[in-house]
Amino acid sequence: MGKMLDKTYDPTKVEDRIYQKWLDNKYFHAEVDKTKKPYTIVIPPPNITGKLHMGHAFDNTLQDILIRWKKMQGYSTLWQPGTDHASIATEVKIIKQMADEGLTKKDLGREGFLKRAWEWKEEYGGRIIKQLKKMGSSCDWERERFTMDEGLSDAVLDVFIKYYEKGYIYKGAKIINWCPECQTTISEAEVDHEEKQGHFWHIKYPIAGTDDFIEIATTRPETMLGDTAVAVHPEDERYQHLIGKTVLLPLVNKEIPVIADEYVDRTFGTGVVKITPAHDPNDFEVGLRHNLSQINIMNDNGTINSQGGPYEGLDRYEARKQIVKDLKEQDLLVKIEEHTHNVGTHDRCHAVIEPMIKMQWFVKMSELVKPAIEALKSGELKFVPERYGKIYLNWLENIQDWCISRQLWWGHRIPAYYCEECGELIVQKEAPTECPKCGSHKIKQDEDTLDTWFSSALWPFSTLGWPKKTPEFDYFYPTATLVTGYDIIFFWVARMVFSAIEFTGELPFKTVLMHGLIRDSEGRKMSKSLGNGIDPLEVIDKYGADALRFTIVTGNAMGNDMRFYWEKVEANRNFANKIWNASRFILMNLEDTSHSNVKLEDLTPADQWILSKVNTLTQEVTENMDKYELGIAASKLYEFLWEEFCDWYIEMVKPRLYNESDETKQAALWTLKTVLIHVLKLLHPYMPFITEEIFTTLQEEEPSIMISSWPEYQEIWNFKEEEKDIEVLKQAVRNIRTIRSNMSVPPSKKAQIYVVSEKEEIREIFRKAKAFFATLAYGSTITIQSNKDGILDDAVSTIIPEATIYMPFTELVDIEKEKNRLEKEKEKLQSEIDRVNHKLSNAGFVNKAPQKVVDGEKAKLEKYEQMMVQVEERLKSITK
RNA sequence: GGAGGAUUAGCUCAGUAGGCUAGAGUGCUUGCUUGACGUGCAAGAGGUCACUGGUUCGAGCCCAGUAUUCUCCACCA
């Protein structure tokens with residue numbers, strides 16, 4: 001007696017046990033194995049602050065599918081896992097936690113804070129890894145890395161110094177985005193532009209030596225404290241006479257020049273712009289062109305500094321109010337307009353960004369970027385879908401120097417040292433003990449840390465041991481495919497490409513597989529603030545990881561966003577249950593192993609049909625996966641398993657199983673088991689848990705489906721003729737069911753079925769399939785004959801090519817209805833015939849279309865015409 | 001302002017190389033205790049493939065334009 005399975009599939013009973021089994025057997029572990037080809041994927045390292053969300057679920061499902069598939073294909077696969085220290089995200093969280101205890105960074109000091117951060121990492125950093133395991137991720141956990149590991153940190157320092165020595169890293173004063181809340185620089189990419197309702201203040205600046213005024217308009221009046229000029233367009237006729245004159249900056253009472261610069265848009269506002277080089281990126285550029293001085297009016301925390309005179313100490317918004325009030329009192333405020341404008345905010349804390357001039361570290365991008373652009377253009381680097389390549393290119397071609405310093409503590413501290421005596425700058429891995437220039441021992445390290453993406457950019461090779469020449473780096477690098485969301489093409493993908501080319505001389509990966517976002521059912525982004533996020537763990541808990549994985553990968557083209565519907569997960573849970581029950585059915589019938597002696601010659605046409613089908617399926621699924629069409633492959637598996645295998649094949653086979661004297665029973669069992677195992681393997685990358693559970697229950701030869709081999713197309717399973725024959729039978733069954741359904745005949749009521757065909761081949765098809773045909777078509781008896789002798793005219797009929805099927809019911813059949821049905825069928829046939837005729841009478845079509853297509857149409861025509869004859873005959877006989 | 005999507009059944013989406021009589025899931029209607037499964041089985045209704053032109057023997061698919069819509073980038077003080 002075979003092993004038994006429960007009536008419904010319960011993932012919670014299965015998943016953890018199976019995952020543990022895989023771990024115990026080290027199936028995820030990758031070894032350098034020169035007899036195999038390597039296949040490597042590096043995980044996009046989740047933040048240690050992170051909690052598993054749908055984005056991770058998406059990402060990891062795709063990677064896991066590729067890794068499991070390639071492993072089955074015989075590659076030595078490495079899925080390199082790890083986490084990212086996520087400097088600013090983590091630091092923000094820790095500061096918040098500290099604030100609850102009434103502590104600040106200052107209280108703890110740098111060392112104390114870092115100690116706390118590491119504790120935090122130990123406590124929360126592993127959480128997301130545990131959650132990834134629930135997805136079934138087959139990462140090599142023994143090789144887990146962290147961006148602030150010793151090895152990875154070493155790679156970061158190495159890269160910094162090499163860049164520096166090459167002249168790519170420089171220190172410079174630039175206008176940067178300052179977050180007064182976090183008190184650090186943030187990169188352009190970390191700024192969110194939010195449209196906000198603000199005001200437009202029109203202010204009069206008196207023209208020096210006259211009673212006249214010039215009117216400017218600003219959204220940030222407080223910055224006037226740092227104004228060093230007023231600008232107009234060089235060709236603006238309204239203001240020609242003022243160019244070169246000076247105006248008196250109100251409140252500050254300082255004379256500043258009126259300059260002409262093309263940057264000014266004559267049509268916007270008053271056509272006059274106040275220039276504040278220290279607090280606006282455009283003004284900064286204008287300032288450089290005109291040699292204007294830069295007056296920083298703000299402290300790091302967003303309050304006005306001593307440059308602000310009476311406003312010193314006020315918060316920037318307090319100062320704004322006060323300034324507006326003072327201007328009004330001096331009668332210099334013309335008007336206040338409502339104005340919507342974009343305000344830059346920090347994506348982590350949402351504080352409004354303040355552009356400020358600071359000394360920062362930069363990476364010069366112009367040279368680095370060239371080979372990264374070339375890699376895409378030459379086709380060496382590919383994006384799937386291709387359109388994302390354009391986004392990548394667009395960014396690289398317009399790139400600005402990368403500001404890499406952050407005024408944070410959590411991260412890789414910049415390996416730059418200053419002599420406190422002579423000011424010498426020393427860039428090297430280890431802290432110098434004395435100044436090489438003046439010999440002083442008073443050395444201080446740069447306070448800043450590096451942008452978190454500086455280390456992520458090295459991830460594909462730093463995780464494999466680079467800059468050391470490790471066997472792993474040698475074997476597993478470069479990686480094969482990078483899987484990630486389109487939202488980090490700039491942050492991460494592009495930076496990995498140029499870093500890898502620069503330091504390893506190779507592309508870090510050949511293909512970038514981009515996926516979209518999972519949105520809520522209304523198409524909105526899942527976000528904390530909206531509270532519309534779906535927790536993947538909750539989904540797994542309710543429906544199982546396999547159902548979630550299948551949901552993620554199907555019903556949507558690669559690279560597009562998708563909406564999350566619980567109903568979809570439910571449908572896929574049902575699919576899992578369907579597979580479960582099909583397997584249960586097979587197991588219940590496998591009494592012993594006598595089916596193992598079955599040979600191909602013993603198979604019936606039905607068996608050959610399904611074998612041939614699974615053979616084709618194997619070929620197609622593999623081809624689809626080669627092209628990263630995972631969703632297409634998955635839906636083909638779904639369709640095959642549910643429709644062909646369950647709804648047709650299993651039903652066809654049942655009479656043979658229930659009939660002890662049937663000689664083909666063992667052949668049926670062999671086929672059931674063989675096809676199931678075959679398709680389970682194809683499905684395994686998508687639904688790893690259930691396939692493993694069934695596989696190990698069904699057979700004992702192999703310990704795990706994970707390490708079994710990927711099925712291949714085999715010529716001996718190619719039964720094209722039998723496939724066609726079974727399709728004829730399916731068509732007959734469908735027609736009969738349709739008629740019975742139209743006539744509301746319940747399945748319990750069996751009917752006599754007559755199959756009439758002049759062709760012996762057709763009669764033979766039905767003869768061979770008599771047993772299951774009767775069951776599927778609800779027949780009491782099946783009579784196969786070459787003419788309609790002995791069949792009453794008031795029988796119901798249906799027509800398939802080359803055969804007419806009659807069902808005499810004992811009740812009187814409504815001849816009118818039968819006639820109508822036939823007339824309708826005739827009409828439909830006629831329109832098809834017309835359509836095909838139209839095509840075939842088109843000389844262009846016959847001459848230019850491929851022969852295959854033309855032949856196809858001809859065959860169709862022949863079939864329809866043949867059926868037409870049958871329909872007409874039938875009509876004639878009932879109307880006579 | 002620049003770039004890239006999307007527009008196909010009530011809803012959510014597929015449609016791989018132009019050959020299609022346009023598919024799936026879900027929802028809807030009808031019937032079914034058919035010895036794996038009601039998380040099931042069977043049957044059915046439901047579409048001017050946004051619009052206008054063009055290329056082609058042939059267009060849901062390619063090209064041009066229009067409309068609607070989403071996203072990213074840039075951004076005006």
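Labels below follow one simple rule: chain letters A, B, ... track the order of the sequence lines, proteins then strands, and each chain is numbered from 1. All values derive from a computational prediction rather than experimental measurement.
- Under the 30°/60° scheme for interplanar angles, the aromatic rings of A:His339 and A:His341 are found to be tilted.
- Spacing between atom CZ of A:Phe383 and atom P of B:rA3 amounts to 19 Å, rounded to whole angstrom units.
- Among B:rA14, B:rU39, B:rG25, the nucleotide with an atom closest to any side-chain atom of A:Glu643 is B:rG25.
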Identify all side-chain donor-acceptor contacts of residues 637-647 of chain A below 3.5 Å with residues at least two apart in sequence or on another chain.
| residue | atom | partner | partner atom | Å |
| --- | --- | --- | --- | --- |
| A:Glu644 | OE1 | A:Lys730 | NZ | 2.9 |

Sugar-phosphate or base contact per nucleotide [nucleotides 70-77 of chain B; S, B, -; heavy atom under 4.0 Å]: --SSSBBB
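- At the phosphate of B:rG5, neither OP1 nor OP2 sits under 4.0 Å from any side-chain N or O atom of A:Arg387.
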Do any N or O atoms of the protein come closer than 3.5 Å to N or O atoms of nucleotides 40-45 of chain B, and which pairs are they?
| residue | atom | partner | partner atom | Å |
| --- | --- | --- | --- | --- |
| B:rG40 | OP1 | A:Asn574 | ND2 | 3.2 |
| B:rG40 | O3' | A:Lys578 | NZ | 3.0 |
| B:rC41 | OP1 | A:Lys578 | NZ | 2.8 |
| B:rC41 | OP1 | A:Trp642 | NE1 | 2.5 |
| B:rC41 | OP1 | A:Asp647 | OD1 | 3.1 |
| B:rA43 | O3' | A:Thr738 | OG1 | 3.4 |
| B:rA43 | O2' | A:Ser741 | OG | 3.1 |

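- Under a 4.0 Å N-O distance rule, the pair A:Asp520/A:Arg563 does not qualify as a salt bridge.
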All N/O donor-acceptor pairs, side-chain side in residues 569-576 of chain A, below 3.5 Å, sequence neighbours left out:
| residue | atom | partner | partner atom | Å |
| --- | --- | --- | --- | --- |
| A:Asn572 | ND2 | A:Thr551 | OG1 | 2.9 |
| A:Asn572 | ND2 | A:Lys568 | O | 3.2 |

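- Applying the ring pair (Phe, Tyr, Trp, His ring centres under 6.0 Å) test between A:Phe383 and each of A:Tyr392, A:Tyr628, A:Tyr486 identifies A:Tyr392 as the sole match.
- With hydrogens and angles ignored, no donor-acceptor pair closer than 3.5 Å exists between the side chain of A:Lys627 and the base of B:rA17.
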List the protein contact pattern of nucleotides 54-63 of chain B with one symbol per nucleotide (5' to 3'): B for base contact, S for sugar-phosphate-only contact, - for none; contact means a heavy-atom distance under 4.0 Å. ---B------
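- As judged by a 4.0 angstrom heavy-atom cut-off over every strand, A:Ile275 is placed among residues making no nucleic acid contact.
- Side-chain proximity of A:Asn581 to B:rC11, B:rU16, B:rA36: nearest is B:rA36.
- Residue A:Phe585 contributes atom CZ, which lies 15 Å from atom P of B:rU34 at whole-angstrom precision.
- The stretch residues 827-836 of chain A participates, sequence neighbours left out, in these salt bridge (charged side-chain N to carboxylate O under 4.0 Å, His left out) pairs: A:Glu832-A:Arg835.
- Atom-to-atom, CG of A:Asn556 to P of B:rC11 comes out at 18 Å; the value is rounded to the nearest Å.
- Going from atom CE of A:Met652 over to atom P of B:rA36 covers 17 Å, rounded to whole Å.
- Closest to the side chain of A:Tyr658, from the set B:rC32, B:rA36, B:rU21, is B:rA36.
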